[in-house]
Protein chains: 2
Amino acid sequence: MTTRKDAGKTPERPWKAAMKETKIRNMEEFAAVSGISRPTISKYFNDPASVRASTRERIERALETYDYRPNIFAMNQNRKLTKNVGVVVPYLADPFFAEIARNLENRCITAGYRPTLFSAHGEPALEVEILDTLRSMKPAGVLLAPLGRASDVGAVEKFCADVPTVLFDSSLPDLGLAFVGSDNPQFARLAVEYLCRTGEPPCFFEMKTPANPNANRRRQGYLAAMESLGHEPFVFKAEGSGWDFEDIGYREGLRALSENRFPTRTVLCSNDRLAIGFLVACYELGLRVGHALGCDIRVAGQDDHPFARFTCPPLTTVAQDYESVSRAAADILFRSIEDGPVDRQTLLFEGKLVMRDSA
Amino acid sequence: MTTRKDAGKTPERPWKAAMKETKIRNMEEFAAVSGISRPTISKYFNDPASVRASTRERIERALETYDYRPNIFAMNQNRKLTKNVGVVVPYLADPFFAEIARNLENRCITAGYRPTLFSAHGEPALEVEILDTLRSMKPAGVLLAPLGRASDVGAVEKFCADVPTVLFDSSLPDLGLAFVGSDNPQFARLAVEYLCRTGEPPCFFEMKTPANPNANRRRQGYLAAMESLGHEPFVFKAEGSGWDFEDIGYREGLRALSENRFPTRTVLCSNDRLAIGFLVACYELGLRVGHALGCDIRVAGQDDHPFARFTCPPLTTVAQDYESVSRAAADILFRSIEDGPVDRQTLLFEGKLVMRDSA
DNA sequence: ATCTCAATTTTACGCGCGTTAACTTTTGTT
DNA sequence: AACAAAAGTTAACGCGCGTAAAATTGAGAT
């Protein structure tokens with residue numbers, strides 16, 4: 001490690017010393033220097049169009065001189081309806097959630113709301129903590145992807161009773177204004193049908209104790225699809241828990257393959273992250289993955305994870321409709337905030353087959 | 001898409017209706033029901049040990065009955081020193097930043113602070129917006145990984161003058177309490193030395209217009225190392241901008257390889273995300289990557305990105321010392337908050353070579 | 001110049017809590 | 001039992017702003 005003491009000593013409380021004398025500390029002071037009353041300034045910040053054009057100009061001229069910004073938290077403290085929207089995901093280090101969170105944040109901003117992002121980091125206690133913080137924030141609404149199986153359902157239920165909440169990705173029965181997610185059985189069915197049409201029927205590779213109910217629905221979709229096509233299903237349940245799906249896919253894939261557990265040479269993984277790890281296991285064992293001539297095994301995933309394009313070979317998968325899910329979740333929430341509550345509904349979006357080279 | 005209207009109509013403002021009559025609305029009410037004065041309750045929440053054991057018990061018993069929690073934002077409104085810490089990263093959909101953000105959040109929590117996470121989503125305007133929001137939050141300190149080249153340096157400078165800020169990952173000259181990052185020239189040197197020791201000297205694959213100064217330092221490290229080893233350096237500059245590094249690595253890798261631009265069959269990528277895309281290009285062109293006999297090309301990256309383990313073949317890279325960087329950044333900030341300002345310093349951590357199969 | 005309506009200003013209170021000062025009550029010591 | 005220290009209570013103000021009501025000012029129409 002390299003340590004360098006930079007030139008010059010940090011002055012005593014530099015962030016205070018640098019404060020210009022003209023610095024505006026609050027709306028009162030800004031009202032004084034701009035020669036306008038505080039309530040009118042307040043009106044301006046809540047809607048610039050609500051003040052006379054000449055007043056607006058005066059305010060904006062003062063704004064350039066003194067660059068004042070109202071304290072957002074003091075604003076919300078007293079407002080009947082804030083513009084705050086909470087976005088909560090179970091695990092932000094998973095690029096899938098990072099991507100959907102980014103999407104949701106952008107939608108909030110576009111719709112004139114102020115998103116605040118939270119990740120439970122896979123920990124139920126932290127999820128509860130987040131919900132408590134959110135209460136303090138007096139949010140107009142919340143977009144919540146719960147941890148799933150590990151969630152404190154009681155806490156979420158109480159929260160949904162207090163704050164307009166739309167659940168997404170992972171469902172908790174009958175909670176919130178709505179649930180928006182994917183039609184998971186359809187995902188598996190789509191994959192099974194494609195794989196059977198183009199080769200051997202697939203085995204199913206999943207975690208023994210999945211984090212959320214989506215995995216169970218996918219398994220059921222797989223079983224149903226196999227049955228209806230008249231094939232014998234086979235499910236391999238990978239040991240391990242937590243959020244290191246790739247590692248589990250790799251380790252257990254290695255085990256399953258070297259123990260020769262799969263009756264066919266086609267494997268449908270419960271999700272892309274497992275598949276990414278599984279592909280490494282295949283690589284390590286010298287198995288050529290793909291549907292081309294001379295390949296040893298076909299591997300498919302589900303989700304269209306942001307990195308699924310960049311595996312070797314690129315992963316064939318069933319794409320979640322990120323756009324539609326996030327758009328629907330946001331729209332329902334905003335509509336409910338603006339026009340009052342709506343009937344609780346469940347929206348499930350179908351996946352689309354993305355054919356790449358792995359299967 | 002499947003829409004289902006769930007059984008039962010959502011009741012009028014259900015989150016209001018469900019409110020129990022005993023619901024505590026603020027500290028005043030809680031003080032009333034617990035039979036203790038509000039200032040004492042306030043003391044309790046700021047430090048449970050600061051009240052007599054018997055009163056603490058009474059408070060905690062009341063707490064169980066009425067489950068009240070003080071409003072965190074109202075608390076901070078008036079406190080001289082809050083426990084808020086802002087964590088700002090340039091792009092959260094990049095698992096590297098997601099991972100380091102998770103690490104930093106945990107450290108804050110452990111140290112008794114309340115982290116709030118922000119992502120600029122690659123947009124300079126949003127970065128400025130975030131800094132303004134942070135001011136409102138009256139944070140005790142901020143851990144900031146700036147966008148880099150695209151950052152509004154003036155805005156960051158003003159912010160650092162107002163709020164104790166530790167920069168990490170990407171440096172802006174002389175700003176903040178400290179900068180904590182990686183010794184980027186050393187990264188490249190380490191990689192070059194290893195690659196030269198075990199085979200042909202490497203070419204360098206980087207973006208033409210990198211997002212931050214780290215890339216430049218890595219290039220310089222590459223050039224210096226090649227020179228000192230007596231080899232002719234070669235740098236390929238990939239076209240493209242934005243944060244889709246994998247895609248750029250793939251497209252430009254494809255171009256560079258098919259145009260036969262590399263004088264040697266060893267490629268050191270400026271970062272792992274480029275390398276991940278580059279590996280796909282290799283795969284598509286049928287090139288066998290690795291150092292084993294019969295391989296066509298060696299590929300190495302830099303960063304030890306969370307997914308570098310799961311490429312095919314697993315990516316040889318120079319690992320950033322995530323732990324040390326985040327620990328140092330957090331420690332410096334906390335120390336500065338608790339013990340007053342320290343000399344500005346620059347801490348650069350060395351990378352460690354991670355040998356996998358790709359090179 | 002008069003009237004009218006809209007915009008603005010004054011004044012005042014509230015949000016939920018931190019914090020201080022002056023008292024009053026509890027401790028536990030001798 | 002007397003008394004000092006510790007802890008708790010009351011009262012009051014402040015944070016930075018929203019918001020409401022009443023009084024005042026301004027602009028456009030007659």
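Computed over heavy atoms, backbone and side chain alike; hydrogens, waters and symmetry mates excluded. First the proteins, then the strands, lettered A, B, ... as listed; each starts at 1.
- Rounded to an integer number of Å, the gap from B:N76 CG to D:dG16 P is 13 Å.
- A:R58 pairs by the salt bridge (Lys or Arg N to Asp or Glu O under 4.0 Å) definition with nothing, not counting sequence neighbours.
- In this view, A:F97 satisfies the ring pair (Phe, Tyr, Trp, His ring centres under 6.0 Å) rule with no residue, not counting sequence neighbours.
- The side chain of B:P70 has C:dC17 as its nearest neighbour among D:dG18, C:dC17, D:dG16.
- If you measure from atom CD of A:Q77 to atom C1' of C:dG16, you get 5 Å, rounded to the nearest angstrom.
- Looking at A:D47, its side chain never comes within 3.5 Å of a backbone N or O of A:K43 through a donor-acceptor pair.
- Rounded to an integer number of Å, the gap from CD of B:E28 to P of C:dG18 is 12 Å.
- Remark: A:Y68 engages A:F30, A:F45 in a ring pair (Phe, Tyr, Trp, His ring centres under 6.0 Å) (not counting sequence neighbours).
- Taking side-chain N and O atoms only, A:S42 has a distance below 4.0 Å to OP1 or OP2 of D:dG18.
- Screening residues 116-140 of chain A for side-chain hydrogen bond (donor to acceptor under 3.5 Å, both in side chains), with sequence neighbours left out, gives A:S119-A:H121, A:H121-B:E105, A:E127-A:S151, A:D132-B:R69, A:T133-B:R114, A:R135-A:D162.
- The CD1 atom of B:I72 sits 16 Å away from the C1' atom of C:dC15 (whole-angstrom rounding).
- Atom-to-atom, CZ of B:F45 to C1' of C:dG16 comes out at 13 Å; the value is rounded to the nearest Å.
- Straight-line distance from the OH atom of A:Y44 to the P atom of D:dG16: 21 Å, rounded to whole Å.
- Taking every side-chain heavy atom of A:Y68 into account, D:dC17 is the closest of D:dC17, D:dG18, C:dT19.
- What separates CG of B:N71 from C1' of D:dC17 is a distance of 14 Å, to the nearest Å.
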With B for base contact, S for sugar-phosphate-only contact and - for none (protein heavy atoms under 4.0 Å), nucleotides 5-12 of chain C reads --SSBBBB
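- Atom pair A:N46:CG and D:dG16:C1' shows a separation of 13 Å (rounding to whole Å applied).
- A:E29 pairs by the salt bridge (Lys or Arg N to Asp or Glu O under 4.0 Å) definition with nothing, not counting sequence neighbours.
- Taken to the nearest 0.5 Å, the OG atom of B:S326 stands 12.0 Å off from the CG atom of B:D169.
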